[in-house]
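What's counted below: heavy atoms across the whole structure, side chains too, no hydrogens, waters or symmetry copies. Reminder, nothing fancy here: chain letters follow the sequence lines and each chain counts from 1. All values derive from a computational prediction rather than experimental measurement.
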Protein chains: 2
Amino acid sequence: MVKPDCEKILGKLREQRSRITPQRRRVLEILCETDGHISASEIYDQVQAHNPQVNLSTIYRILEWLESAGVVTRSDLGEGHVIYELAARGMHHHLVCDRCGTIIEVGDDILDPLRKLLLERYGFQAEIKHLAIHGLCDSCRPRGG
Amino acid sequence: MVKPDCEKILGKLREQRSRITPQRRRVLEILCETDGHISASEIYDQVQAHNPQVNLSTIYRILEWLESAGVVTRSDLGEGHVIYELAARGMHHHLVCDRCGTIIEVGDDILDPLRKLLLERYGFQAEIKHLAIHGLCDSCRPRGG
DNA sequence: CTCCGTGCAAAGGCTTTGCACACTC
DNA sequence: GAGTGTGCAAAGCCTTTGCACGGAG
């Protein structure tokens, strides 16, 4: 996957008459540098490392702004986990380990059999946007023994 | 579906040396009377109607206790929605038509292919408790042609 | 120079916890 | 009577909001 061009996104946002502040630029950079998902507090921690004066509420406001601009997607995985990621990265879903908290990213095609089954049995055309599947990851699941 | 026998469940809990208080009995009754899922605060409201002195923290403690006893299942749907439901009702999920609002209840086995795929590809043991799948029902979905 | 965006602090919504009293068994 | 469960109040966690200042355009 090509690393999204941060400056290109900033350019589009500027065209929408949004003000580009150092905070907004920094959050967007972090999102672009991150492979996959990231939480608000993780972004906050990264910003804090070099700019300790930045406030967590600003992070939330910037994320809300980026979401409304269609730049990032927000997924509430339940159990207090909310993750953000660049919309440009394409459709995928998350496996959440309820024991160790690991989050595994899976492609959208994993849902093809389910979609097919729902259509065959119920004539239901599923439009699953972002799914969080809870369970136990390979390290945490009980082994037959 | 047969209405779960509240007294039968209470009997089992008594056997487990749990104390049956009026609060616990009332919460269980409400769960048995409810078709489908219910939230902690909805239970609280119902209890309050006749027993205003009961505290919300008690509801949470009772639900936690019922969950650990395997009597109810708890599902965090995200966005602050947490629902509880009698485990005896059997696992099911909901298809929600975004156009006409129809809700179709589907058996848990619909997810078997997905579970199998997740285990094969990622070693992930999915424990999908309650899934709400949005989309379009048979009457509302676009037909080819 | 005009407003929008930010820092700060406080509050909000849901849930959990510490404590002493009350009640079940 | 022994020990668990409850009511109350406070705190915890994540997130949002009100306000005045500061910086972007």
Side-chain angles (χ1 to χ4, degrees), chain A residues 7 10-30 37-69 71-72 74-84 96 98 101 103 132, chain B residues 7 10-30 37-48 50-69 71-72 74-84:
Chain A
E7 290 304 323
L10 279 170
K12 285 186 183 175
L13 291 168
R14 232 187 304 260
E15 284 171 18
Q16 291 168 24
R17 294 171 192 172
S18 290
R19 294 186 181 174
I20 307 305
T21 64
Q23 293 91 330
R24 289 183 165 189
R25 176 183 293 275
R26 186 78 195 93
V27 168
L28 192 52
E29 280 172 6
I30 289 169
H37 48 78
I38 189 169
S39 70
S41 71
E42 283 167 351
I43 293 174
Y44 178 62
D45 291 343
Q46 287 195 40
V47 173
Q48 284 273 304
H50 291 280
N51 305 76
Q53 81 291 352
V54 175
N55 197 273
L56 181 54
S57 65
T58 301
I59 307 296
Y60 280 110
R61 282 189 276 227
I62 291 174
L63 287 170
E64 189 183 5
W65 164 68
L66 287 173
E67 192 192 2
S68 70
V71 173
V72 305
R74 174 186 185 277
S75 312
D76 188 330
L77 307 183
E79 308 297 335
H81 299 285
V82 178
I83 58 176
Y84 297 85
V96 185
D98 287 331
I103 298 177
Chain B
E7 289 303 322
L10 280 170
K12 285 187 183 175
L13 289 168
R14 235 187 303 260
E15 285 172 17
Q16 293 169 24
R17 295 170 190 173
S18 290
R19 294 185 181 177
I20 307 304
T21 63
Q23 293 90 332
R24 290 182 165 188
R25 177 183 293 274
R26 187 76 196 94
V27 169
L28 192 52
E29 280 172 4
I30 290 169
H37 48 78
I38 189 170
S39 70
S41 70
E42 283 167 351
I43 293 174
Y44 178 62
D45 290 342
Q46 288 196 39
V47 173
Q48 284 273 304
H50 291 281
N51 305 77
Q53 81 292 351
V54 175
N55 197 273
L56 182 54
S57 65
T58 301
I59 307 296
Y60 279 109
R61 282 189 278 229
I62 290 174
L63 287 170
E64 188 183 6
W65 164 68
L66 287 173
E67 191 192 2
S68 70
V71 173
V72 305
R74 174 186 184 278
S75 311
D76 188 330
L77 306 183
E79 309 296 336
H81 298 285
V82 178
I83 58 175
Y84 297 84

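For B/R74 and C/dT16, the CZ to C1' distance is 12 Å, given to the nearest whole Å. One interatomic measurement links the two molecules: CG of A/N55 to P of D/dG22, which rounds to 16 Å at whole-angstrom precision. Summarising the geometry, the separation between OH on A/Y44 and P on D/dC14 is reported as 13 Å, rounded to the nearest angstrom. Taking atom CD on A/E64 and atom C1' on D/dT17, their separation rounds to 11 Å, with Å as the unit. Atom CG in A/N51 sits roughly 15 Å away from atom C1' in D/dG23 (whole-Å rounding). If you measure from atom CD1 of A/I62 to atom C1' of C/dG7, you get 12 Å, rounded to the nearest angstrom. As rounded to whole Å, 11 Å separates atom P of C/dC4 from atom CZ of A/R24. At whole-Å resolution of the value, CG in B/L56 and P in C/dG13 are 13 Å apart.
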One character per nucleotide, please: for nucleotides 18-25 of chain C, 5' to 3', B when the base has a protein heavy atom closer than 4.0 Å, S when only the sugar-phosphate does, - otherwise. B-----BS

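Under 4.0 angstrom from either OP1 or OP2 of D/dG7 there lies at least one side-chain N or O belonging to B/Q23.
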Side-chain donor-acceptor pairs of residues 16-27 of chain B under 3.5 Å, sequence neighbours excluded:
{"residue": "B/S18", "atom": "OG", "partner": "B/W65", "partner atom": "NE1", "Å": "3.3"}
{"residue": "B/T21", "atom": "OG1", "partner": "B/R24", "partner atom": "N", "Å": "3.2"}
{"residue": "B/R24", "atom": "NH1", "partner": "B/R19", "partner atom": "O", "Å": "3.0"}
{"residue": "B/R25", "atom": "NH1", "partner": "B/E7", "partner atom": "OE2", "Å": "3.0"}
{"residue": "B/R26", "atom": "NH1", "partner": "B/E29", "partner atom": "OE1", "Å": "3.0"}

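The side chain to side chain contact (heavy atoms under 4.5 Å, CB included) test applied to A/S39 returns A/S41, A/E42, not counting sequence neighbours.
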